[in-house]
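Input: a single structure, listed below in structure tokens.
Below, read A as the first sequence line, B as the second, and so on, with proteins coming before strands; counting in each chain starts at 1.
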Amino acid sequence: MDRKMEDLSLSKSYEPCRVEKKWYAFWKKQGFFHADEQKNSNPYSMVIPPPNVTGSLHMGHALNSTLQDILIRYKRMDGENTLWLPGTDHAGIATQYVVEKELGRQKKTRRSLGREKFIERIWQWKKEHGDIILGQLKRLGASCDWSRERFTMDEGLSTAVREVFVRLYEEGLIYRGDYIINWCPRCHTALSDLEVDYKESRGYFYYIHYRLTKGKKTIVVATTRPETMLGDTAVAVRPGDKRYSDLVGKEVVLPLTDRVIPIIADNYVDESFGTGALKITPAHDFNDFEVGARHNLPIIKVIDESGKMNENAGRYKGLDRFSCREKIVEDLKAQKLLKKVERYNHNIGYCYRCNDVIEPTLSKQWFIKTAPLAKPAIDAVKEGRTRIIPAVWEKTYFEWMENIRDWCISRQIWWGHQIPAWYCKKCGEITVAKVEPKACQACGGNELKQETDVLDTWFSSALWPFSTMGWPEKTKELETFYPTSVLITGFDILFFWVARMMMMGLKFMGDVPFRDVYIHALIRDAKGQKMSKSLGNVIDPLVMIEKYGTDAFRFTLAALAGQGRDIRLSEEVISGYRNFVNKIWNVSRFVFLNLTDYKGEIKTIHYNQYSLADKWILSRANRLIKTVRTALEDYRFNEAANFIYQFVWHEFCDWYVEFSKENLANTESVQRSATQQVLIEVLDIVLRILHPFMPFITEEIWQKLPGNSESIMISSFPKENNIFFNRDAEEKLEKIKEVIYHIRNIRGEMHIPPPQKVEVVLFCDNDKTRQLLEAYKQYLFQLASIKNLKYATSKTKPKVAATAIVKDIEIYIPLEGVIDFGAEEKRLGKEIAKVEKELSFIQKKLSNEDFLNKAPKKIVEKENQRNQALLEKQKKLKRSILRIKKMRDAS
RNA sequence: GGGCGGAUAGCUCAGUUGGGAGAGCGCCGGCCUUACAAGCCGGAUGUCGUAGGUUCAAGCCCUAUUCCGCCUACCA
């Protein structure tokens, strides 16, 4: 490829913003995000957990999407046929709430607008604001196939919803009935069990006398909610409770009313709790409802849809449930029926959306019978057809699935999929159908009215993995991309969503919706608190992107995304990884600065002509490739990121680049050409392996790297090449590094400033090692800042010198006149202490008969060798320190 | 009430079949060495929550226990 010279340089600093916009637009224009359902190669697919259409990007989305993008970019580069399908969720209650609030500002209500107009209004709102979050995902670099963007209220998805509803209804898996459900008096809708948050709350325990119809005796019941007594239809005690056994079957007069209710016996009652006598309000308590059903008790609803007392509450009618409580307590007091009041803390359910206190209420609702659907979903995970990663979550999944309760799917709001059921005005029968029926199924009457309730939002999200691909049509997309390869999500929606997708996928596609489910952590603030607007500790991903660049931000998330632990995020960490981005930019600048004479004909250089450093870094790079691939396959994002970080910074930059300077110095030499070649090669590997994590900067640099074509995004992910693994080169170079390190260590401890070059004398009676040192002495000169290198014989070792031992090499830095004997003595003393501590540890082992007999030979051998080496080192160090002491005494 | 997870350097955490305690940040000292001061070189720091047990050998396995967090249930 023909490139101009000026292309081979990078500006002094990296400008994330400009670069990010440029490349995202480029990728989109080139169609790199597009998935091809006709392709035959290995499919790899994911559906995005659809964010609420009202939402804006928070840290949870950012983490979730970053991890997905890392996988999809990795797999795309690795040659798989990738699909990442994006979209949004209509979020019934949340969206309706937002639009109602907007209406409120114009002094309108949804009722004044009417259902049809109101829904139009929401669609309008969706058109204007609905893709904010998708735009934010683009800023994050998400490589979704935007041509397949879906919305849960789209026509196609709505068709799927109706299809599923009708089929489940016909199979008897959907039913309608009067049951007690969680009711939110503020949102005016039923909620599923999962949509209720229980929080410990302060309250009181009221002890109330219920007078028997005959005689003067009373039975005392204890309750936290006296206002519900107006709906009591019995008092229950434990069967066999001696205190009350003669009362069972008798009747009491319900205080403040003239109703007479029976005393019954039921096992549900705990005789040790409260007074052992329990008031039963079947219309406003889940357990009471069941007790009532067992005893055929009447059900009296006393609280209405807004949380106010209704006509059954007699003179309390119209009071809010909480004011009613106060009033009732007052009235009971007045009648001396209140025995006592105790402080009592207990859990109260709150609406997850508006935080109002949930009112359990008897109501006519639609339900899904979940048990028959849950069974196959449990089996699929047990049999490993879907893996949950990390596996600890499997247990949670089973726990919930095995105790699953029927799912209340009807909601009394307007925004959502209206339930496809029609009531006949004539006979009252229900007709359920995919399209609006002309006549009643039962009587043929033609006056039909559609159910006004809509479906729970999660009903449509449960179908997401296949409804988005065109189901119920038999599409090519489904054939190619279903089941999806993996679902990436947080554990907070394991039940809400994952479990329900499993049930629906198995039921309607006959196969699991995803092979793997990867559950990632929750992001918290630096103190470990959940991020929330009210705490004011929210870190806005977009602000971070603005400030530090998308790549730094993404890399941070990946580096922190360990399995099974929450992530504590602080701006400090992000800025730390921004430095890493900067490092990559600068090392690339270094490479480009040294390619001005690079002509691209270097391919002819044979591996044997590479220097030790070249062979070393290529071997290390190939090891990196292997570990990163394994880590990514296992969803160990943090390991992958940290391995890359370690390699790039501490092997490539700290060492190889420094070695390379020496080889580059010989213009027109083979070494220079070879080094250029290796710099390009390794930088190319680094960029490609980093691309899934840092899509933008890698593209920016890669585009300028000689020999590269269209885009890094569609280049190949590095594969390890066995011919580059070279253990011998790695060991040799490690030795050189160690010698340099020890010289630097002495310099540092002796406070010799870098510009001051020192003389070094080496003693080594191993010929091979000496040859190695001689061959690479230039590295010592350069990296250890020395001016002169000599080899000593056992007789000519310098006497006044700082000493270090590296395996079979003794290093001396003669510092006559400069040396600080005290400092050197201290340094050697420290070194000896370290060696001796290790020695005592090893020798304890080696003197243990059991160890010698029972431990594997390999381990014993290894310990023996270590022991020998340490003894040798100890001997040499001791000799040195003795010499130093002598010198000090003499001086 | 039931279940799960965590406790490792000053801080945040890694540590994958049990066999020489690690990283990043922070801290201390020295350096503007022509890719990078958002940098370079060197240094210090740990009874791996506590108590037992298994084993030749335990941060890792078992038992008990304390503290912290989460999920789930909803005894009125």
Side-chain angles (χ1 to χ4, degrees), chain A residues 10 12-13 193 196 198 205 221-225 228 236 268-270 272-281 285-288 344 346-349 390 392-393 395-396 399-400 403 491-492 494-495 522 524 526 528 530 548 552 559-560 562 564-570 572-573 575-594 630 634 636 638-639 642 645-646 650 653-654 657-658 661 741 744-755 782-785 827 830 838 841-842 844-845 848-856 858-860 862-863 866:
Chain A
L10 294 177
K12 191 90 183 178
S13 66
D193 298 329
V196 180
Y198 287 91
F205 216 14
V221 300
T223 180
T224 54
R225 303 196 53 198
T228 62
Y268 166 69
V269 182
D270 177 356
S272 63
F273 192 82
T275 60
L278 173 62
K279 62 192 261 325
I280 301 295
T281 323
D285 183 282
F286 283 90
N287 292 306
D288 291 7
Y344 186 66
H346 60 138
N347 283 327
I348 294 182
V392 284
W393 291 105
K395 202 169 173 175
T396 314
E399 194 71 31
W400 190 73
N403 298 302
F491 60 80
D492 47 335
L494 183 61
F495 307 137
L522 224 64
R524 299 171 173 281
K530 221 168 168 170
Y548 301 103
L560 296 181
R565 200 193 265 232
D566 287 346
I567 296 172
R568 291 193 187 195
L569 187 72
S570 63
E572 207 187 3
V573 193
S575 91
Y577 283 108
R578 184 264 324 263
N579 296 354
F580 180 50
V581 173
N582 193 243
K583 191 77 177 172
I584 292 160
W585 184 255
N586 277 303
V587 76
S588 304
R589 284 187 64 216
F590 171 82
V591 173
F592 288 130
L593 285 172
N594 285 288
T630 315
D634 293 344
R636 296 199 308 266
N638 60 325
E639 279 187 23
N642 288 317
Y645 182 97
Q646 174 68 26
H650 299 303
C653 293
D654 286 352
V657 163
E658 295 305 324
K661 287 175 182 171
Y741 167 79
R744 283 172 172 176
N745 174 274
I746 291 171
R747 299 181 55 107
E749 299 263 304
M750 296 292 133
H751 299 292
I752 302 163
Q782 202 178 345
L783 299 191
S785 192
R827 196 185 65 85
K830 222 160 58 182
E838 264 187 82
F841 189 73
I842 290 172
K844 208 170 112 191
K845 267 191 188 177
N848 184 339
E849 288 279 326
D850 284 328
F851 174 75
L852 298 174
N853 293 332
K854 294 182 184 169
K858 248 177 112 176
I859 299 292
V860 178
K862 208 168 127 193
E863 294 294 320
R866 274 183 63 208

Whole-Å gap separating [atom2] ([N]) and [atom1] ([X]):
X: A/Glu658; N: B/G39; atom1: CD; atom2: P; answer: 15 Å
X: A/Arg827; N: B/G42; atom1: CZ; atom2: C1'; answer: 11 Å
X: A/Arg568; N: B/C70; atom1: CZ; atom2: C1'; answer: 13 Å
X: A/Phe495; N: B/G3; atom1: CZ; atom2: P; answer: 15 Å
X: A/Lys845; N: B/G20; atom1: NZ; atom2: C1'; answer: 7 Å
X: A/Glu863; N: B/G19; atom1: CD; atom2: P; answer: 12 Å
X: A/Phe491; N: B/C4; atom1: CZ; atom2: P; answer: 16 Å
X: A/Leu522; N: B/G5; atom1: CG; atom2: P; answer: 17 Å

Proximity to the side chain of [X] - top-ranked nucleotide from [options]:
X: A/Arg578; options: B/A38, B/A35, B/A73; result: B/A38
X: A/Tyr198; options: B/C74, B/A76, B/A38; result: B/C74
X: A/Cys653; options: B/A76, B/A44, B/A35; result: B/A35
X: A/Lys583; options: B/C56, B/C36, B/G29; result: B/C36
X: A/Asn586; options: B/G43, B/A73, B/C36; result: B/C36
X: A/Thr223; options: B/G24, B/A76, B/C25; result: B/A76
X: A/Lys395; options: B/C74, B/C4, B/C56; result: B/C4
X: A/Asn638; options: B/G19, B/A14, B/A35; result: B/A14
X: A/Arg636; options: B/G19, B/U16, B/A38; result: B/U16
X: A/Glu639; options: B/G24, B/U16, B/A76; result: B/U16

Using both distances under 3.5 Å as the test, list the Watson-Crick or G-U wobble partner of [N], or none.
N: B/U54; result: none
N: B/G26; result: none
N: B/G69; result: B/C4
N: B/C60; result: none
N: B/A9; result: none
N: B/G39; result: B/C31

Within the 4.0 Å heavy-atom criterion, would you say [X] contacts the bases, only the backbone, or no part of the nucleic acid?
X: A/Pro856; value: base
X: A/Lys844; value: nothing
X: A/Asp270; value: base
X: A/Val269; value: base
X: A/Glu749; value: sugar-phosphate
X: A/Asn848; value: sugar-phosphate
X: A/Val657; value: base
X: A/Phe286; value: nothing

Side chains of [X] and [Y]: does their closest heavy-atom pair fall under 4.5 Å?
X: A/Thr228; Y: A/Asp285; result: no
X: A/Arg827; Y: A/Asn745; result: yes
X: A/Tyr645; Y: A/Lys583; result: no
X: A/Phe273; Y: A/Leu278; result: no
X: A/Lys845; Y: A/Arg866; result: no

N/O (side chain, [X]) to phosphate O (OP1/OP2, [N]) under 4.0 Å:
X: A/Tyr344; N: B/A76; value: yes
X: A/Tyr645; N: B/A14; value: no
X: A/Asn642; N: B/G24; value: no

Please measure how far the [atom1] atom in [N] lies from the corresponding atom in [M], and state the result in whole Å.
N: B/A23; M: B/U66; atom1: C1'; value: 29 Å
N: B/C67; M: B/G26; atom1: C1'; value: 26 Å
N: B/G22; M: B/A9; atom1: C1'; value: 10 Å

(message) If only side-chain N and O atoms count, and only distance matters, is there a donor-acceptor pair under 3.5 Å linking A/Asn642 with A/Asn638?
(response) no
(request) Test ring-ring contact (aromatic ring centres under 6.0 Å, His included) on A/Tyr548 and A/Tyr577 and set out the steps. (result) CA-CA 9 Å; A/Tyr548 301 103; A/Tyr577 283 108; over 10 Å; no
